[in-house]
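Let me begin by presenting the structure, written as structure tokens, before commenting on it.
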Amino acid sequence: MWINGIAFLRNKCQYLAAILANLSVVCTGCAMGWTSPVESKLSHPWISPLSTVPTDAEFSWIGSILALGSLAGPPLAGYIAHRFGRKMALLASGAQFAVAFILFVTAHTVAQILVGRFLQGCGIGFSLAITPLYVCEIATAQRRGALGSLLQVSMTLGMLMVYSIGPYVSYAAMQYILLTVPVVFCLAFSQMPETPHYYVSHGRYADASRSLEYLRGEPIEELQDEFGSIQRSVEESIRNRGTLGELFRDHANRRALFICTGIIVLQQLSGINPVQFFTQTIFEKTGSSVKPELASIIIGGVQVVASMITVLTLDKLGRRPYLLISSGGMCCALVALGTYFYLETQRVSSGLSLDRLAFLPVLSLVVFTASFCLGFGPIAWLLIGEMFAPNIKSFASSIVSSTCWAVAFFVLFYFSSLDAAIGTHWLFWTFAICTAGAFLFTYLFVIETKGMSLPEIQAQLNETAPVMISDKPTDCAFPASIANLATVSIGCGIAWPSSTYQKLSDPNLEDNPFAELLSKRVRMWSEAALAIGGLAGTLLASWITRHKGPRLALLLSSILYIAAWLLLMIVRSIAMLIVARTIIGMANGYVLLVVTLYIGEIASDRYRGAMGCFIQIGTTLGILLVYCTGPFVSYFALQAICCAVPILFGTLFLYMPETPHYLVQRGHNQRATETLMFLRGARNADEVRAELEEIQEYVKRRDGEDDVPARTVHHLKRLLTNRGNRKALLISLGLVLFQQWSGIDVIVANSELLFAESNASLGPITGTIVLGVLQLLSSCLTPLFIERTGRRPILLASSIGLAIALATLGTYFMLSRHAVPVASIRWLPLTALVGFVTLYNGGFGPVAWAIVMEIFAHELKPIGVTLSVLGAVLFDYTILQLITELTAAAGLDWAFWMLATICATAGAFCWLLVIETGGLNLCEIQERLSGVKTVRL
């Protein structure tokens, strides 16, 4: 114990500097908890300083504009930290908090409150971006975890301060008390040193020595090893000065960005900010016997205690265990809280008494906040300071922080609207699903950094790079994931009619851009335009991919989508609507072809099937985006949200590599080698030499001995005359035929209508969102087990399950059409639809395209995939028109029975004709297609 005491005294200055730096985070906690007591004060005219009571929309902006300020803060904070120092950036955050509280004291209008909240947000952006960086650079490796966890303790102290003082003092007194925090911070922290890393990076070695002496409490002569390590690290960073492009090119940096961004996004999607911002409001809705003011103080106190436990034990237990415990605890608490609110909605109609469950809301929120503060609260920010290389740390922390607050704004702004639209219970259940996803993300991707120095962490991030050596798909998965952001726009285009046509058919719609309501004939023409555009887009993509490469072709797709969504923003006539839908159809067919070719050319044999499933994940993510936003925003806002997707894709995909096949085709063998090393995580060219020679041989066969590209007609002739190639084409066209004729696009495009027709208890909007979430989750599961189970078993199980689900839907609608009472089985449509979308997105949806990607010979892949995508577009249009006519003539029941018959036929097709390609390389697949049995030793 006395040895620990001596160590503490020797390092007291680094503790003091870290504590004072975290006073800026106390200001952050004050800002984040500010709305909880203030909302009730501003709602009462006799105690509010404002001339009028804010509206619901204004309260939404007061809560959410903080996130916009936080989004704007990190880029400027990163620049100031790099140019003027970490200390100056933190002092700037204190100044912003002080100005904000002064504005609150003198506020008489909502506009002034909003300006103050925006400044608070900027201060938060500065504080959360720079404090982890400052603490990480002043702390020793042994104490970095504990000192890094002070961030969450400080934030919860700020919230507890607001929760404890706010309800019991006047509005003005509260602002004066909170103003003292940034003032004390600026005065005290101004006496602390700048970090040694900053001084060394600017050549101020004497200042760096003095700073390190102060922080360690020892003379510089005894710190030569550490000083030398800092100097070498910083000088190496200066020699390899980071750029934004390097952040995405280097494997360790890219993996660190993926982990930190994933953790921070899931942190915000856990619902922590709405709970913290509106704690009193949530408790008022529960009707609990515990006073909302007291409950807020209890939760604030639990946050502080849980955060302190993390500080004391984090460096003993590690980061991963705490993240897993945290996400699991939050999920259980949110499920319980959602269940309580659900029972509350049933209380009036069923006479249910909740007196025995009065403790549940308080207990659930206590467990939720304690779990958050144990793990996801402090560790998410700690990882930002730990994982990135010094030369790009400022860029990376700014990007992660900006992402955090962009997601936070979305969650906060739509919290009230979603609460009113789908109910508080579904809102908390949605947060629970996100925390379950956080558990899986942590288990699969997050590395342990306990007790490691920064170089050791970078080494571990690089260790799992090689796909061929470590047997993990890390490197090719990243460009495949970014490429599939393009397919998110496909999902947006598919789901767009679901809510938009309902709105444009509503005579009470205020922002209808047309002079007339949309008729069924116009809908039919717009969907026909989508199919025509798909055919044209596929042919265009085939030509551009061949002559300009898959990478450039994919980048050009974003231009098509942006043009279409901008056109829909300014549309004023039916003709412009049809033109815009034609462009979207063109982009859909274009992207489907190019993404399939791109992934097929970068994926290794072992993970080819899993990568192919990414197409379905991206599509369902786009569908979910439209489902979650379309019913709650204006027509114009929906187009703006959809337009943001291709902009994001184009920005990120700029940093992705070209395929090695195209580089070899153009004669760039050295670049092809470097790209293969990047995709396989190889450390030298010898590790990829065999694969490169295989690609060169394939390109030689495809383009002909004289290096002149063979004619498409010649390739088509080979595709139709060779037995194995014919079978590949038959299997490919059959799979996409049954995939499209399963009726998935019919259900997606008309999901709200189906729920309205079925009178499901969830309602059309809520049910549609549930379907979207299930689509995404089931799509994400398939890549995890497709290589273990194989393709055929998944296809067979999926087709049989789809047939059963569709037959069930047909039976329900038949009973409804014949006036048979169906009140007792109102749950049936939702159950059948849930089963349908889960089985489709876990089976036929992703696996069909995975097989299309791998079943053709190398040299015939472009023409084979092109024909498959053309077939998919034609089949999709045909079934949409057929189902529309059949529904009008015979009813929904016959439409679903026809689709069920098609799915049953799909099962027979898979059993009789589809071969198993799992575990086979491309040459073995061709042998299997030609009837040659492959024997593996």
Side-chain angles (χ1 to χ4, degrees), residues 494-495 497-498 501-502 520 523-524 527 623 627 734-735 737-764 766-768 770-772 774-775 778 795-845 848 875-911:
I494 292 173
S498 179
Y501 285 165
Q502 292 285 92
K520 290 185 177 180
R523 297 185 190 183
M524 183 184 70
E527 296 313 305
I623 292 170
Y627 282 173
L735 287 176
L737 167 68
F738 288 116
Q739 181 197 58
Q740 300 303 319
W741 281 26
S742 68
I744 183 63
D745 285 345
V746 177
I747 287 178
V748 169
N750 300 281
S751 54
E752 288 192 25
L753 177 63
L754 288 172
F755 273 96
E757 287 281 342
S758 66
N759 293 314
S761 56
L762 275 181
T766 305
T768 299
V770 171
L771 288 184
L774 286 170
Q775 281 183 295
S778 54
L795 288 173
L796 289 169
S798 175
S799 55
I800 294 170
L802 292 175
I804 295 172
L806 289 166
T808 303
L809 278 172
T811 303
Y812 177 87
F813 282 106
M814 181 201 70
L815 296 174
S816 179
R817 185 161 63 92
H818 288 86
V820 176
V822 292
S824 60
I825 55 171
R826 289 181 64 189
W827 51 270
L828 191 60
L830 177 61
T831 304
L833 283 175
V834 163
F836 177 86
V837 298
T838 302
L839 290 166
Y840 176 86
N841 289 283
F844 237 98
F875 300 149
D876 184 37
Y877 174 70
T878 304
I879 196 65
L880 281 171
Q881 300 305 312
L882 182 60
I883 291 298
T884 300
E885 296 298 328
L886 183 59
T887 302
L892 278 171
D893 49 343
W894 280 102
F896 283 122
W897 282 335
M898 188 193 78
L899 293 174
T901 303
I902 292 172
C903 289
T905 307
F909 175 85
C910 294
W911 176 262

Full working for side-chain contact (heavy atoms from CB on, under 4.5 Å) between Cys903 and Tyr840: CA-CA 11 Å; Cys903 289; Tyr840 176 86; over 6 Å; no
Evaluate Leu737 against Ile902 for side-chain contact (heavy atoms from CB on, under 4.5 Å), listing each step before the verdict. CA-CA 10 Å; Leu737 167 68; Ile902 292 172; over 6 Å; no
Between Thr905 and Trp741, is a side-chain contact (heavy atoms from CB on, under 4.5 Å) present by the stated rule, with each step listed? CA-CA 11 Å; Thr905 307; Trp741 281 26; over 6 Å; no
I'd like to know whether Gln740 forms a side-chain contact (heavy atoms from CB on, under 4.5 Å) with Thr878, so could you lay out the CA-CA distance, the side-chain angles of the two residues, the decisive distance to 0.1 Å, and finally the verdict. CA-CA 9 Å; Gln740 300 303 319; Thr878 304; over 6 Å; no
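When Phe836, Tyr812, Phe813 are each tested for a ring-ring contact (aromatic ring centres under 6.0 Å, His included) with Phe896, only one passes: Phe813.
Proximity of Ser742 to Phe844: side-chain heavy atoms (C-beta onward) are nowhere separated by under 4.5 Å. The shortest distance between side-chain heavy atoms of Leu795 and Leu735 falls below 4.5 Å. With a 4.5 Å cut-off on side-chain heavy atoms, Leu806 and Met898 do not count as touching. Looking at heavy atoms from C-beta onward, Met814 lies out of side-chain contact with Trp894 at the 4.5 angstrom threshold.
Side chain of Thr838 to backbone of Gly835: no donor-acceptor contact under 3.5 angstrom is found. Under a 3.5 Å cut-off, the side chain of Gln739 and the backbone N or O of Gly845 do form a donor-acceptor pair. No donor-acceptor pair under 3.5 Å is formed between the side chain of Thr808 and the backbone N or O of Ala832. Ser798 contributes a side-chain N or O that, together with a main-chain N or O of Leu839, makes up a donor-acceptor pair within less than 3.5 Å.
Between atom CG of residue Leu886 and atom CG of residue Asp893 there is a gap of 9.0 Å, rounded to the nearest 0.5 Å.
Among all heavy-atom pairs drawn from Ala803 and Ala904, the shortest one is CB-N, 3.9 Å. Here the closest non-hydrogen pair linking Ala900 and Ala807 is CB-N, 3.7 Å.
A ring-centre distance under 6.0 Å is found for Phe909 and Phe738.
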